[in-house]
Amino acid sequence: MSGTVPKAGWETGSNAALLAPLGLCVTALLWGGMIPISHSLVHQVYNPVFLATLRYIAPLPVLLAMCLAFERRWPFSRDLPWPQLLWLGLSMAIFSLLFAYGVLLSEPVRAAIVMSSNPLLATILAKAMYRTPLVRGFWPALVAAIIGGAMVALDAAGPRRAAAGGPPVPYLGEMMLITANLVWVWYSLKAQQWLVPRRMSQLRISLLTTFTGCLVMLAVLAVMEPVSPGRLPQSWPDGGTVLMILWMGVGAAGIAMALWNYGVSRVGVPVASIYGNLAPVFSVAIATMMFGASLSLQQLFGGAVILGGIVMMQWQQLRR
């Protein structure tokens with residue numbers, strides 16, 4: 001990628017060295033809380049399609065205000081690459097839908113463990129898209145992910161057999177979350193490849209792709225609601241629901257997204273994903289402490305095996 005990318009005020013000077021790791025840690029916290037919060041919202045309050053749409057409506061004003069404050073110019077210029085932006089928006093919409101339905105059909109702790117596969121999937125997709133050489137430690141990490149994932153799946157098999165109803169396909173929620181992870185990695189790689197050479201800051205990339213993702217989700221909601229009504233809420237949310245919406249929309253889909261794109265631009269997707277490994281840790285902690293989710297020793301050990309393999313893979317990459 002050529003050219004010099006313009007940076008907002010918070011991306012320059014002595015702040016730059018500290019902001020990437022600090023911002024990625026904040027991102028992990030916000031994304032980690034998103035799993036149990038989304039699970040609570042989609043089970044108790046909102047339809048998954050409406051929740052997926054709200055995920056991109058909520059952060060738009062915040063991202064726009066941040067762009068205007070830091071870059072001091074209108075971010076929607078005439079020469080925007082709309083085809084690429086629409087592809088990125090479509091990928092964000094697909095991710096949001098898969099995430100919402102995956103969380104609905106899964107359980108917070110298992111969903112957090114599944115989402116911890118992001119660094120491994122980032123390595124595989126980078127290899128498939130750009131022929132990037134596999135990093136040292138990839139195969140042990142893959143074996144660890146298979147072993148840990150099998151432990152978590154077997155732990156869930158008994159309760160699922162005993163439960164009435166459930167998803168029509170076993171582990172459908174977990175499969176949707178893995179697919180959502182792949183879509184998110186594709187977005188992360190393509191956003192940097194397509195938009196950074198156009199001298200766009202990470203804050204502007206976050207705003208524009210969130211905007212197009214919002215347009216796609218509004219179109220989906222506009223088509224589905226008349227055909228099968230009932231996706232729109234019938235009453236105003238209470239105070240606790242508003243706080244969860246702000247965490248999910250403004251925090252996880254707005255501020256965290258800007259910090260993630262900035263971190264990726266500084267350290268790359270594989271290294272940024274090291275900080276993303278903190279997200280499932282935060283997610284499990286928030287799910288158990290605030291939402292009363294159950295955590296078995298087998299789930300804990302399986303998740304630790306997956307996380308340990310991924311951390312070792314990325315640590316070897318950093319050492320090189």
Side-chain angles (χ1 to χ4, degrees), residues 1-8 11 20 23 27 31 52-53 55-68 70-71 73-99 118 121-132 179-223 249 252-273 276:
M1 292 181 290
S2 60
T4 303
V5 181
K7 298 176 176 61
E11 296 181 81
T27 297
W31 281 353
T53 307
R55 175 188 175 89
Y56 295 132
I57 293 176
L60 275 178
V62 176
L63 290 173
L64 178 59
M66 290 174 67
C67 270
L68 294 175
F70 290 117
E71 301 194 356
R73 64 189 180 95
W74 185 247
F76 294 91
S77 59
R78 294 182 180 180
D79 59 344
L80 289 177
W82 285 110
Q84 288 91 340
L85 287 173
L86 288 173
W87 274 112
L88 293 171
L90 177 62
S91 67
M92 291 180 67
I94 294 172
F95 165 81
S96 190
L97 284 170
L98 288 171
F99 181 85
N118 185 278
L121 296 177
T123 302
I124 295 172
L125 201 58
K127 171 69 173 178
M129 291 172 59
Y130 304 115
R131 298 182 180 179
T132 305
T179 308
N181 254 350
L182 283 170
V183 174
W184 180 257
V185 173
W186 185 91
Y187 160 83
S188 298
L189 294 170
K190 285 297 183 181
Q192 301 304 309
Q193 178 188 354
W194 287 343
L195 302 183
V196 168
R198 292 179 174 270
R199 300 175 55 82
M200 288 190 187
S201 69
Q202 299 304 315
L203 188 55
R204 192 180 181 201
I205 290 173
S206 301
L207 169 65
L208 294 175
T209 54
T210 300
F211 175 73
T212 53
C214 181
L215 292 181
V216 174
M217 283 309 311
L218 286 173
V220 171
L221 189 62
V223 170
I255 296 172
M257 186 176 175
L259 293 174
W260 167 260
N261 279 330
Y262 175 72
V264 166
S265 73
R266 287 285 178 175
V267 301
V269 171
V271 178
S273 296

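The structure displayed is predicted, hence computed values, not measured ones.
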Next on the checklist: As a quick check of understanding, evaluate side-chain contact (heavy atoms from CB on, under 4.5 Å) for I205 and V196, giving each step before the final call.
Outcome noted: CA-CA 8 Å; I205 290 173; V196 168; 4.0 Å; yes
Item to check | Euclidean distance, T53 OG1 relative to L221 CG, rounded to 0.5 Å | outcome: 4.5 Å
Checklist entry - Given side chains that start at C-beta, do those of L218 and Y56 come closer than 4.5 Å, heavy atoms only? => result no
Checklist entry - Nearest 0.5 Å, what's the CE-NZ distance between M129 and K127? => result 14.0 Å
Item to check | F95 CZ to T179 OG1 distance, which is reported to the nearest 0.5 Å | outcome: 11.5 Å
Next on the checklist: Within the structure provided, determine whether M92 and V183 are in side-chain contact (heavy-atom separation under 4.5 Å).
Outcome noted: no
Checklist entry - Roughly how far, to the nearest 0.5 Å, is CG of L86 from CG of L80? => result 10.5 Å
Checklist entry - Taking atom CE of M66 and atom CD of E71, what is their separation to the nearest 0.5 Å? => result 10.0 Å
Checklist entry - Closest heavy-atom contact between W74 and L68? => result CE3-CD2, 4.0 Å
Next on the checklist: With side-chain contact (heavy atoms from CB on, under 4.5 Å) as the criterion, how do L259 and Y262 come out once you've worked through the C-alpha distance, each side chain's angles and the decisive distance to 0.1 Å?
Outcome noted: CA-CA 5 Å; L259 293 174; Y262 175 72; 5.6 Å; no
Checklist entry - How far apart are the closest heavy atoms of A93 and V216, and which atoms are they? => result CB-CG1, 3.5 Å
Item to check | Step-by-step side-chain contact (heavy atoms from CB on, under 4.5 Å) determination, L85 to W194 | outcome: CA-CA 9 Å; L85 287 173; W194 287 343; over 6 Å; no
Next on the checklist: Main chain of A52, side chain of S96: is a donor-acceptor contact present, judged purely on distance under 3.5 Å?
Outcome noted: yes
Item to check | OG1-CE distance between T210 and M217, expressed to the nearest 0.5 angstrom | outcome: 13.0 Å
Checklist entry - Does R204 have any side chain to side chain donor-acceptor pair (under 3.5 Å) partners at least two apart in sequence or in another chain, and if so, which? => result S77
Checklist entry - Short question: side chain of Y187, backbone of T209 - any donor-acceptor pair under 3.5 Å? => result no
Checklist entry - What closest approach, in Å, do L203 and A258 show between heavy atoms, and which atom pair accounts for it? => result CD1-CB, 3.8 Å
Item to check | Heavy-atom pair with the smallest gap, counting every atom of A58 and P61 | outcome: O-CD, 3.4 Å
Checklist entry - Is it true that W260 and W31 have ring centroids separated by less than 6.0 Å? => result yes
Item to check | Given L195, L208, L88, the one that forms side chain to side chain contact (heavy atoms under 4.5 Å, CB included) with P81 | outcome: L195
Next on the checklist: Tell me the closest heavy-atom pair linking A256 and T27, and the distance in Å.
Outcome noted: O-OG1, 3.3 Å
Item to check | Nearest heavy atoms of S206 and L63, plus distance in Å | outcome: O-CD1, 3.9 Å
Checklist entry - What orientation do F76 and F211 show, parallel under 30°, tilted 30 to 60°, or perpendicular over 60°? => result perpendicular
Checklist entry - Hey, does P59 have a side-chain heavy atom less than 4.5 Å from the side chain of L207? => result no
